[in-house]
Amino acid sequence: MTKTLEGKLDATGLKFGIVASRYNNFITKRLLEGVVDGLSRHGAADDNITIAWVPGSFEIPLACLRMAETGDYDAVIAVGAVIRGATAHFDFVAAECAKGVARAGMETDVPVIFGVITAETIEQAIERAGTKLPNRGFEAALSAIESVNVLKAIAESSS
C-alpha cells in the first residue's frame, strides 16, 4: 500500500520569521499583508510572527539565513519585489536573491520560502501583489505552513 505524507494547513503554535525588503515598498507592503493574513487565517498567533526589514531584495538571503539559524522559527518567509529596469541589474539581484533564499533553507533545515516577486513591469508586480492575481505573499504563507507540517510528517513517519 502506498504511503502519502502531506502537510496540513494548520499554523497553530508555529513560529514564523518574515524578511521584507524596503525597496519597492509599495509592493512589498501588500505582500507582507498577504503573508500575515495567510498565517493568521490558518491559526498563527500574532506573537509568533516576527518581521525583519532589510534595504533590498539582495539583502534578503542573509537575513533569512540568520533568522533560520536562531532555531526560533519553524519557517522563514522572504518577501520583496524585483522589477526589471533598463539595465542587467534585475538579473543579478533576482538570481542571487533566489539562490540565497534556497541556500538558507538547505543549510539550516528550516523551510525558507521564496515570496519575492520577480516581474518584467510594475503592472505585473502590482497584479501579483493581489490586484488581479492571488497575493503572492498569501501563497507564500500557505507554502510555509504546509512545508513545516510535511517535514514534521516525514520525521514522524521515519520514527
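Since the model is a prediction, treat every value here as computed from it, not as a measurement.
Heavy atoms only, all atoms of each residue included: Ser57 and Ala81 are closest at OG-N, 3.8 Å. Residues Ala119 and Ala125 approach most closely at CB-N, 3.7 Å, considering heavy atoms.
Hydrophobic clustering of Ile, Leu, Val, Met, Phe, Trp and Tyr side chains at less than 4.5 Å, counting indirect connections, unites Val36 with Phe26. No continuous path of hydrophobic side-chain contacts links Val35 to Val54 [ILVMFWY only; heavy atoms under 4.5 Å]. No path of Ile, Leu, Val, Met, Phe, Trp and Tyr side chains, each step under 4.5 Å between heavy atoms, connects Leu151 with Ile77, placing them in separate hydrophobic clusters.
The list of salt bridge (charged side-chain N to carboxylate O under 4.0 Å, His left out) pairs with a residue in residues 111-121, not counting sequence neighbours, reads Arg84-Glu120. Within the structure, the salt bridge (charged side-chain N to carboxylate O under 4.0 Å, His left out) test picks out the following pairs touching residues 41-55 (sequence neighbours left out): Asp37-Arg41. Residue pairs that meet the salt bridge (charged side-chain N to carboxylate O under 4.0 Å, His left out) test with at least one member in residues 63-76, sequence neighbours left out, are Arg66-Glu69. Among pairs with a residue in residues 16-27, none fulfils side-chain hydrogen bond (donor to acceptor under 3.5 Å, both in side chains), at least two apart in sequence or across chains.
Residues passing the side-chain hydrogen bond (donor to acceptor under 3.5 Å, both in side chains) test with Arg103, sequence neighbours excluded: Glu107. Qualifying side-chain hydrogen bond (donor to acceptor under 3.5 Å, both in side chains) partners for Glu33, counting only residues two or more places apart in sequence or in other chains: none. Evaluation of the side-chain contact (heavy atoms from CB on, under 4.5 Å) rule for Ala155 yields no partner, not counting sequence neighbours. With sequence neighbours excluded, the residues satisfying side-chain hydrogen bond (donor to acceptor under 3.5 Å, both in side chains) with Thr12 are Asp10. For Ala98, the side-chain contact (heavy atoms from CB on, under 4.5 Å) partners two or more places apart in sequence, or in a different chain, are Phe114. Remark: Thr4 engages Thr2, Glu6 in a side-chain contact (heavy atoms from CB on, under 4.5 Å) (not counting sequence neighbours). In this structure, the side-chain hydrogen bond (donor to acceptor under 3.5 Å, both in side chains) partners of Lys99, at least two apart in sequence or on a different chain, are Glu96.
The shortest distance between side-chain heavy atoms of Lys152 and Asn149 falls below 4.5 Å. Side chains of Leu14 and Asn48 form no contact here, defined as non-hydrogen atoms less than 4.5 Å apart. Using a 4.5 Å cut-off on side-chain heavy atoms (C-beta onward), Val79 and Val19 make no contact. Side-chain contact check for Leu31 versus Ile117: some heavy-atom pair is nearer than 4.5 Å. Side-chain contact between Thr28 and Trp53 is present, with heavy atoms from C-beta onward closer than 4.5 Å. Using a 4.5 Å heavy-atom threshold, the side chains of Val76 and Ile18 count as separate. By the 4.5 Å heavy-atom criterion applied to side chains, Val150 and Lys8 are not counted as neighbours. Between Thr121 and Ile126, the closest side-chain pair of non-hydrogen atoms is not below 4.5 Å.
In this structure, OG1 on Thr118 lies 10.5 Å from CD1 on Ile83, to the nearest 0.5 angstrom. Note that OH of Tyr73 and OG1 of Thr108 are 13.0 Å apart. Values are rounded to the nearest 0.5 Å. Expressed to the nearest 0.5 Å, how far OG1 of Thr50 lies from CE of Met67 amounts to 5.5 Å. The CZ atom of Arg136 lies 8.5 Å from the CD1 atom of Ile113; values are rounded to the nearest 0.5 Å. In this structure, CD1 in Ile49 is found 4.5 Å from CG in Leu39, a value given to the nearest 0.5 Å. Residue Phe92 holds its CZ atom at 15.0 Å from SG of Cys97, rounded to the nearest 0.5 Å.
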Show me, pair by pair, the donor-acceptor contacts under 3.5 angstrom made by side chains of residues 137-147, not counting sequence neighbours?
from: Ser143; atom 1: OG; to: Glu139; atom 2: O; distance (Å): 3.2
from: Ser147; atom 1: OG; to: Ser143; atom 2: O; distance (Å): 2.7

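The environment of CD1 in Ile51 is crowded: more than 12 heavy-atom neighbours from other residues, nucleotides or ligands sit within 6.0 Å.
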